Student: 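Okay, here's the structure, questions in a sec.
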Amino acid sequence: MDALWVTLPVVLVAALSLRWLRPTWYWLTFGITFAAIRVLIRYRSVMDACGLTVPPSRWRLALARVANRPVPEARSPRILWLRPTATGLVLRLKLRPGQDAFDFSASSDRLRHSFSLHNVVSREIRSGVVELRMTGYDVLRRVRMPAVVPGEGLRVSVALREDGEVHYRDYRQVPHALNVGATQSGKSVYQRTLVAGLAPQNVALVGIDCKNGVELAPLAARFTALADNPDAAADLLAALVAYMGRVYELIRTEQRISVALPDAEITADIWDLPAHLRPVPVVLLIDEVAELALAANKAEEARRDQIVTHLVRLSQLGRAAGIYLEICGQRFGSELGKGITMLRAQLTGRTAHRVNDETSANMAFGDISPDAVLAAVQIDKNRPGTAVAGDSSGGWSRIRAPHTTLRQAVDTCNAHAHRTPSITELEPFRPAAPVRVLIGKVQPKPTPASAF
């Protein structure tokens with residue numbers, strides 16, 4: 001008995017210490033059990049309090065009247081299963097007739113408080129089935145990316161979502177994206193993580209950094225082309241448009257539509273071409289788009305119109321040619337001039353880090369989801385790297401990228417420098433690699449792989 005009274009305080013202190021210092025360990029040791037019991041015990045009363053029940057059916061009322069029994073209670077959604085995860089619980093429910101999945105999304109905040117969990121996210125699995133992903137602790141406070149298989153096919157893990165899942169940047173599904181945020185909000189770290197994830201893949205990286213290249217120049221070993229001022233950017237975009245035209249000529253030549261050609265071999269983009277003919281995909285990263293759209297005189301206005309025209313053309317036509325856009329900026333609104341709104345309409349993926357005003361958030365999510373706008377405005381300034389990610393479907397979630405230092409990104413790019421392809425049209429813009437002297441000898445520059 002004495003040993004029990006000694007053990008209980010020790011276990012209690014250990015649990016409290018783990019909850020504060022190592023929330024993941026606490027959840028795996030104590031939190032899962034407590035949360036599962038709490039959800040199962042409170043389930044029926046919580047559903048009733050949140051208005052997620054349906055009244056008894058007519059035949060049940062008639063049966064109770066005939067049998068002279070009390071009126072049946074309202075019915076809650078049926079629990080299909082409750083599954084624990086490393087970050088929370090997954091509760092799958094079968095809806096009753098008359099219920100809507102939107103009701104659960106609207107009640108997510110009330111469910112979070114009722115079940116005493118950190119976060120609840122609802123999504124529809126199929127008709128009549130809803131899944132509640134409940135997070136037991138704040139997974140975005142200390143981002144620890146789970147071990148994932150290196151991305152293939154231009155799919156990169158860049159952040160952790162608030163429900164504990166990995167957030168991917170999939171260029172095949174979402175070709176072009178916009179990333180906005182104020183200074184010191186985490187845009188650069190997000191971009192470094194993205195470049196480090198793309199470096200091991202078979203892809204050509206093209207960068208435009210009008211801050212004299214201070215963000216992208218250290219990663220130049222993995223870049224096929226890089227421009228560090230608006231004049232060079234205009235020429236680089238023109239060369240990229242010319243390359244896009246050459247790719248379309250190849251696709252048109254290789255279509256060979258005939259009666260004998262199988263349907264699977266008919267293609268309208270690069271991904272269905274034979275592997276030995278397929279051009280390397282290109283990811284264009286623009287660090288600060290406002291610098292490309294500003295103009296102080298007529299000469300700069302002509303250059304600006306040329307740049308915006310090329311960007312709009314690449315966003316409209318580039319996907320089939322394997323050209324994808326990743327545009328970053330502090331603001332991206334109509335005040336940047338004509339053509340900007342047309343360009344923004346082509347950017348399906350939207351990511352908004354901390355912004356200084358609601359107008360900046362509206363530039364990213366105003367045409368997608370008002371709730372995402374509110375979430376972007378409420379990002380804490382003490383949590384750099386936290387962002388709201390969404391797309392044109394209206395879905396969105398809070399994410400936070402791991403802190404990727406510049407040294408880590410540079411080392412990754414240098415390690416995969418041999419993967420940097422060479423594109424004829426972009427060869428004049430290839431960044432010069434720094435010359436390293438080792439024991440009195442000049443280290444030779446590796447020969448780049450030919451792409452197309």
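All values below come from the heavy atoms of this structure, side chains included, with hydrogens, waters and symmetry mates left out. Source: prediction; values computed, not measured.
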Student: Report yes if some heavy atom in the side chain of L198 is under 4.5 Å from a heavy atom in the side chain of L154; otherwise report no.
Tutor: yes

Student: With the side chain counted from C-beta on, respond yes when L311 and I286 share a heavy-atom pair under 4.5 Å apart, and no when they do not.
Tutor: yes

Student: So I399 and S397, do their side chains get closer than 4.5 Å, heavy atoms only?
Tutor: yes

Student: Could you report the tightest heavy-atom contact between A376 and A352, atom names first, then the distance?
Tutor: CB-CB, 4.1 Å

Student: Under 3.5 Å, side chain of T135 to main-chain N/O of T87, donor-acceptor pair present?
Tutor: no

Student: Is atom CD of Q184 surrounded by more than 12 heavy atoms (other residues, nucleotides or ligands) closer than 6.0 Å?
Tutor: no

Student: For a quick test of reading the model, state the closest non-hydrogen atom pair linking A220 to L226 and the distance between them.
Tutor: CB-CD2, 4.5 Å

Student: Less than 4.5 Å apart, side chain to side chain, heavy atoms only: is that true for V308 and L343?
Tutor: no

Student: Taking D138 first and then R383, would you say they form a salt bridge - that is, a charged N and a carboxylate O separated by under 4.0 Å?
Tutor: yes

Student: Give a yes or no on whether R313 atom CZ has more than 12 heavy-atom contacts from other residues, nucleotides or ligands under 6.0 Å away.
Tutor: no

Student: Is T224 reaching over with its side chain to a backbone N or O of P421, donor-acceptor style, under 3.5 angstrom?
Tutor: yes

Student: Any non-hydrogen side-chain atom of R354 less than 4.5 Å from a side-chain atom of N356?
Tutor: yes

Student: Are I423 and V282 side-chain neighbours, meaning at least one heavy-atom pair lies under 4.5 Å?
Tutor: yes

Student: Just one of R278, R252, R319 clears the salt bridge (charged side-chain N to carboxylate O under 4.0 Å, His left out) bar with D269, so which one?
Tutor: R319

Student: Strictly below 4.0 Å, N to O, side chains only: are E288 and K211 in salt-bridge contact?
Tutor: no

Student: I'd like to check K338 versus D305 (side-chain heavy atoms, cut-off strictly below 4.5 Å). Are they in contact?
Tutor: yes

Student: What pair of heavy atoms forms the shortest contact from Q201 to R155, and how long is it?
Tutor: NE2-O, 3.5 Å

Student: With rounding to the nearest 0.5 Å, note down the distance linking CG in L292 to NE2 in H310.
Tutor: 12.0 Å

Student: Work out which heavy atom in T420 is nearest to a heavy atom in A417; give both atom names and the distance.
Tutor: OG1-O, 2.9 Å

Student: For the residue pair V143 and H403, establish whether any side-chain heavy-atom pair is separated by less than 4.5 Å.
Tutor: no

Student: Write down the atom of L160, the atom of E165, and the distance for their closest heavy-atom approach.
Tutor: CD1-O, 3.5 Å

Student: Passes side chain to side chain donor-acceptor pair (under 3.5 Å), E427 versus S422? Steps please.
Tutor: CA-CA 7 Å; E427 197 60 33; S422 177; 2.7 Å; yes

Student: Any side-chain to backbone donor/acceptor pair from R419 onto N202? Under 3.5 Å, distance only.
Tutor: no

Student: Which value, rounded to the nearest 0.5 Å, describes the distance between L285 atom CG and E326 atom CD?
Tutor: 6.0 Å

Student: Between E162 and R133, does a side chain to side chain contact (heavy atoms under 4.5 Å, CB included) hold up when you go through it step by step?
Tutor: CA-CA 10 Å; E162 62 181 345; R133 300 193 68 89; over 6 Å; no

Student: Applying salt bridge (charged side-chain N to carboxylate O under 4.0 Å, His left out) between E131 and each of K94, R92, R126, report the one that passes.
Tutor: R92

Student: If you take all heavy atoms of P402 and V189, which pair is closest and at what distance?
Tutor: O-CG1, 3.4 Å

Student: If you count every heavy atom of other residues, nucleotides or ligands that lies below 6.0 Å from Q316 atom CD, does the total exceed 12?
Tutor: yes

Student: Could you check whether any side-chain N or O of D170 sits under 3.5 Å from a backbone N or O of R172, counting only pairs where one atom can act as donor and the other as acceptor?
Tutor: yes

Student: Let me see the working for T193 and T404 under side chain to side chain donor-acceptor pair (under 3.5 Å), right down to the final yes or no.
Tutor: CA-CA 6 Å; T193 307; T404 303; 2.9 Å; yes

Student: Rounded to the nearest 0.5 Å, how far does CZ of R222 lie from CG of L205?
Tutor: 5.0 Å

Student: Is the Y324 ring parallel, tilted or perpendicular to the H176 ring (thresholds 30°, 60°)?
Tutor: tilted

Student: Would a distance-only check, ignoring hydrogens and angles, find a side-chain to backbone donor-acceptor pair under 3.5 Å from R400 to P384?
Tutor: yes

Student: How far does OG1 of T183 sit from NE2 of H353, to the nearest 0.5 angstrom?
Tutor: 12.5 Å

Student: Would you please test L237 and I208 for side chain to side chain contact (heavy atoms under 4.5 Å, CB included) and show each step?
Tutor: CA-CA 9 Å; L237 290 174; I208 296 178; 3.9 Å; yes

Student: Test your reading of the model: is there a side-chain donor-acceptor pair from D100 to the backbone of D103, 3.5 Å cut-off?
Tutor: no

Student: Keeping the roles fixed (side chain from R38, backbone from F115), state whether a donor-acceptor pair exists under 3.5 Å.
Tutor: yes

Student: Would you sort out whether V174 and R169 count as a side chain to side chain contact (heavy atoms under 4.5 Å, CB included), showing the intermediate values?
Tutor: CA-CA 8 Å; V174 182; R169 177 70 178 92; 3.8 Å; yes

Student: V410 vs L219, test: side chain to side chain contact (heavy atoms under 4.5 Å, CB included). Steps then yes/no.
Tutor: CA-CA 5 Å; V410 169; L219 314 176; 3.8 Å; yes

Student: To the closest 0.5 Å, what do you measure between OH (Y171) and CG (L194)?
Tutor: 3.5 Å

Student: Does D287 offer a backbone N or O that forms a donor-acceptor pair with the side chain of D209 under 3.5 Å?
Tutor: no

Student: Hey, does the side chain of E291 reach the backbone of P230 with a donor-acceptor pair shorter than 3.5 angstrom?
Tutor: no

Student: CZ/R142 to OH/Y137 distance, rounded to the nearest 0.5 angstrom?
Tutor: 11.0 Å

Student: Distance-only, no hydrogens or angles: does the R192 side chain make a donor-acceptor pair with backbone N or O of A409 under 3.5 Å?
Tutor: no

